[in-house]
Number of protein chains: 4
Amino acid sequence: MTTEPPARKTRWQEKREASYAALVDAAMHCFHERGYAATRVEDIAEAAGYTTGAFYFHFKNKTACFQHVIAYRERLRGDWQTLIDGLDPSTTSLEEVLVRLFARFAEAERGAGAWILVMVDYHQQHRDKADAEALLHDSYRRWHGQIAEFIATLQQRGWIPEGRDPAQLAADVFAYSEGTSAHAALYDTDRGAALVDTVARLLRG
Amino acid sequence: MTTEPPARKTRWQEKREASYAALVDAAMHCFHERGYAATRVEDIAEAAGYTTGAFYFHFKNKTACFQHVIAYRERLRGDWQTLIDGLDPSTTSLEEVLVRLFARFAEAERGAGAWILVMVDYHQQHRDKADAEALLHDSYRRWHGQIAEFIATLQQRGWIPEGRDPAQLAADVFAYSEGTSAHAALYDTDRGAALVDTVARLLRG
Amino acid sequence: MTTEPPARKTRWQEKREASYAALVDAAMHCFHERGYAATRVEDIAEAAGYTTGAFYFHFKNKTACFQHVIAYRERLRGDWQTLIDGLDPSTTSLEEVLVRLFARFAEAERGAGAWILVMVDYHQQHRDKADAEALLHDSYRRWHGQIAEFIATLQQRGWIPEGRDPAQLAADVFAYSEGTSAHAALYDTDRGAALVDTVARLLRG
Amino acid sequence: MTTEPPARKTRWQEKREASYAALVDAAMHCFHERGYAATRVEDIAEAAGYTTGAFYFHFKNKTACFQHVIAYRERLRGDWQTLIDGLDPSTTSLEEVLVRLFARFAEAERGAGAWILVMVDYHQQHRDKADAEALLHDSYRRWHGQIAEFIATLQQRGWIPEGRDPAQLAADVFAYSEGTSAHAALYDTDRGAALVDTVARLLRG
DNA sequence: TATGAATGAGCTTTCATTCAT
DNA sequence: GATGAATGAAAGCTCATTCAT
């Protein structure tokens, strides 16, 4: 009988979540297109169809918004490590696995790739603000952890030789991948060409 | 008879060159410490012992100043490719060469390393300004060209197997190196550890 | 037969009055703690256990709310002039009367003393808005009138000499009292010390 | 021979001091007319004939500007305590002294009287900012100290009976005076009427 | 050459108020 | 009666750049 109050609350909740989602997504794309510093709060709000007031209803400030974007990206990434479930080295080469993987990431990023640039931009604006930087570290740790796990699986399942430390391989592959991303964006370099090939070389040792 | 005017002119020139040099060097260090966007013109002038007026006497604007810093860094780098003149694979391992190389670069940078961060920062502030970006491309081309040349020499002199395209190897090594730099700065990651080792692996194929 | 509608109406009225009372009281305390300008409408609503919407149901705007607080304070003050009913100069000294009086006011204020600060704050935000200021004048007139009446009684009942104009004495005592309040708040001065003593001197002439 | 550099420096200095003086004076008048909170930085700059940028060249922020205004007012006040040098109780009554004194203060304030209102306003905006408040305390201490000294002189020179503590008398007179100022401004009360008379009563005990 | 006061556009953030539900 | 998401108009402050000297 008293189902109305909860229903009402849900309405607000839905509305709130919808506008929040729109803002976070808009923020991600604005940051991607213009960089962190050059993106004005108003740009984000406008891109989401709201005003700056709405922005500050959802986020304490621009920094906080960025941190929500980081979390959003992790959610988008999903559990990509299951990508090789059911695959086998005898039928699917390492290169093929990598091609699928990068394709998956590209798709999950929804057009907002080369994110390393945004991370650098954010970092440059928050030098020596310990808590703002801590977020970056945590984010890296999670990413890196997932990659290392995945590499360990590749080793166990016979795609690549065992022996090398998965954590180190993960750091290498991650750094190389982001280095090429950055160079492609900064220097108009061709990233795709050798990416898979070189990553495969790194992994095989 | 009229030896004074030229002498005076020289004095002025010297003074001018001295202040120019001080400003460019100060700019490099400021950009390194705070990033491009966060560095104020006054910071640079002050660090060099001058005022903003002097800055604008030497540079059209902040962007132009950055471009002079880029050129300055190239000058600092010098002709590092001669580093292996007189060395031999039989007495000096590839790893040793790389260690010396990175040491040399570190020294030439005068404490202003992880420059990739600054490049990204600059890039983010100049999106879609064709001429500002062109500078970056040129700068990359020169760097990359030198590295490729050096790698070709390593191949010819027997440090690494021939066969792979030096240009591609250069791109890979460069990207990997800068990726680790960025990760070290952003995520408080340990760069030195595997750097030489992984670069050697990349080069050896 | 139709006893329900009136009952219901009463319920609503009660509810309405309860929330109104809560809001006015919360407003008084917020204004006291943070000043008029620095108090946000949301602060008041929150302190009363409601939301801004409820606030605007009861008050046209922040200014109107303040005016209700003024009226509330007058109600709280009550008919303090009866405080000396039954007392006599032969058994109760002027100083004793004053001590009781200030104690009574302090109690009625419910912790929200030094109200002069809030009045000034409100006044500063409403310069040249005639109607907003008129409220202050009326409020003063009532306060001052009550004090003058009380002083006249003190004269008639023999606590203080007759002769001086009660209205002027009231203005003096009021101004002195509020001056010390303000100084105590602004300059961390000790108010209590000489208050009663000096007021007594003023009254005795 | 080399008198030019100092001369040049003086030029800048003069210019700087002129604009500083204009800004401080404009700030005082704006604060007086609109209160502290309601005065925008742009109002001050504009009133002085400059832009907000110039304002921030001279003051770190609005708070700092206010503090300079406080110092300015102390300078304006000058050494008013010498006002009775050469006067004598036998030829000049206490009331006459007070009239001259208040006239002197009114003149020194250059139209920016009832400053207590601005002080309250400032105080309300800086609650619990220890350093901002410390300034108020210091300012009070100096004012109060001067008044106490002056009252001691009045006692020694025979204008008022000795016996009462000059510090306490100073606190009383100061509080009363500012209380009437505030009431006059807030409640459109007539201040001048009894001011001198009541202050004299307070001083005579 | 170099100074440094001044400009002015731009950005982040706050908050009284509204309104559909 | 009450909710709370959203608006929009400020306001404080920063900083690249200019210019008279």
Side-chain angles (χ1 to χ4, degrees), chain A residues 4-5 7-9 11-20 37-43 45 49-63, chain B residues 11-13 15-16 18-20 37-43 45 49-63 65, chain C residues 11-13 15-16 18-20 37-43 45 49-63 65, chain D residues 4-5 7-9 11-20 37-43 45 49-63:
Chain A
E4 220 193 45
R8 195 174 250 172
K9 198 156 206 175
R11 280 276 170 72
W12 284 127
Q13 220 171 315
E14 270 171 23
K15 191 173 186 189
R16 183 177 189 143
E17 278 163 17
S19 51
Y20 170 85
T39 295
R40 300 175 312 149
V41 167
E42 201 184 333
D43 292 334
Y50 294 92
T51 59
T52 56
F55 178 95
Y56 282 96
F57 178 76
H58 288 284
F59 310 107
K60 193 190 150 208
N61 52 35
K62 198 178 160 184
T63 301
Chain B
R11 285 258 176 77
W12 279 46
Q13 255 177 4
K15 200 175 179 187
R16 178 180 188 146
S19 53
Y20 170 85
T39 294
R40 299 176 312 148
V41 166
E42 204 186 327
D43 292 334
Y50 294 89
T51 58
T52 54
F55 179 95
Y56 281 94
F57 176 79
H58 287 286
F59 310 109
K60 192 191 149 205
N61 51 33
K62 198 177 162 185
T63 301
C65 173
Chain C
R11 286 257 176 77
W12 280 45
Q13 255 176 3
K15 199 174 180 189
R16 176 179 190 147
S19 54
Y20 171 84
T39 294
R40 299 176 311 148
V41 167
E42 204 185 327
D43 292 333
Y50 294 88
T51 58
T52 55
F55 178 95
Y56 281 95
F57 176 79
H58 287 287
F59 310 109
K60 191 191 152 206
N61 51 33
K62 198 178 163 185
T63 302
C65 172
Chain D
E4 220 194 44
R8 194 174 251 170
K9 195 155 204 176
R11 280 276 171 70
W12 283 128
Q13 218 171 316
E14 270 170 23
K15 192 173 186 187
R16 184 178 187 143
E17 279 163 15
S19 51
Y20 170 85
T39 294
R40 299 175 312 149
V41 167
E42 201 184 334
D43 292 334
Y50 294 91
T51 59
T52 56
F55 177 94
Y56 283 97
F57 177 76
H58 288 284
F59 309 108
K60 195 191 148 208
N61 52 35
K62 197 177 161 186
T63 301

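Labels below follow one simple rule: chain letters A, B, ... track the order of the sequence lines, proteins then strands, and each chain is numbered from 1.
D:E42 has its CD atom 14 Å from the C1' atom of F:dA9, to the nearest Å. Counting to the nearest Å, the C1' atom of F:dT21 and the CD atom of D:E14 are 13 Å from each other. Atom-to-atom, OH of A:Y50 to C1' of F:dA5 comes out at 9 Å; the value is rounded to the nearest Å. Summarising the geometry, the separation between CG on A:D43 and C1' on E:dG10 is reported as 12 Å, rounded to the nearest angstrom. For the pair A:F59 CZ and F:dA5 P, the computed distance is 13 Å after rounding to whole Å. Rounded to whole angstrom, the span from the NZ atom of D:K62 across to the C1' atom of F:dA10 amounts to 12 Å.
In this structure, the nucleotide among E:dT12, E:dT1, F:dG12 sitting nearest to the side chain of B:R16 is E:dT1. Among the nucleotides F:dG4, F:dT17, F:dT14, the one closest to any side-chain atom of A:W12 is F:dG4. Relative to the side chain of A:Y56, the nucleotides F:dC13, E:dT14, F:dG4 differ in distance, and E:dT14 lies closest. The nucleotide whose nearest atom lies closest to any side-chain atom of D:T51 is, among E:dT7, F:dT7, F:dG1, E:dT7. Candidate nucleotides E:dT7, E:dT13, E:dA16 were compared by shortest atom distance to the side chain of A:N61, and E:dT13 ranks first. Relative to the side chain of D:A54, the nucleotides E:dA6, E:dT13, F:dT14 differ in distance, and E:dA6 lies closest. Listed candidates were F:dG4, E:dA9, F:dA6. Nearest to the side chain of C:T52 is F:dG4.
Nucleotides of DNA chain F nearest to B:A38 and A:F55 differ in position, and the one nearer the 5' end is that of A:F55. For the pair B:G53 and C:V41, both in contact range of DNA chain E, the more 5′-proximal nearest nucleotide belongs to B:G53. Both B:Y20 and C:A37 sit near DNA chain E, but only B:Y20 has its closest nucleotide nearer the 5' end.
Considering all non-hydrogen atoms of both residues, D:R16 and D:H58 come closest at O-CE1, 3.4 Å. Between A:F55 and A:A45, the shortest heavy-atom distance links the atoms CB-CB, 4.5 Å. Closest heavy-atom contact between B:Y50 and B:S19: OH-CB, 3.2 Å.
Side-chain N/O atoms of B:H58 include one lying less than 4.0 angstrom from OP1 or OP2 on E:dA2. Residue A:R40 places at least one side-chain N or O under 4.0 Å from the OP1 or OP2 atom of E:dC11. Note on D:R11: every side-chain N or O is 4.0 Å or more away from OP1 and OP2 of F:dT21. Side-chain N/O atoms of A:K15 include none lying less than 4.0 angstrom from OP1 or OP2 on F:dA5.
Atom-to-atom distance recorded for B:K62:NZ and B:Y56:OH is 8.5 Å, nearest 0.5 angstrom. Here OG1 of C:T51 is found 12.0 Å from CZ of C:F57. Values are rounded to the nearest 0.5 Å.
Within the nucleic acid shown, C:T63 has no heavy atom closer than 4.0 Å to any nucleic acid atom.
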Secondary-structure string, 5' to 3', Watson-Crick or G-U under 3.5 Å, | for another-strand partners, for DNA chain F: .||||||||||||||||||||
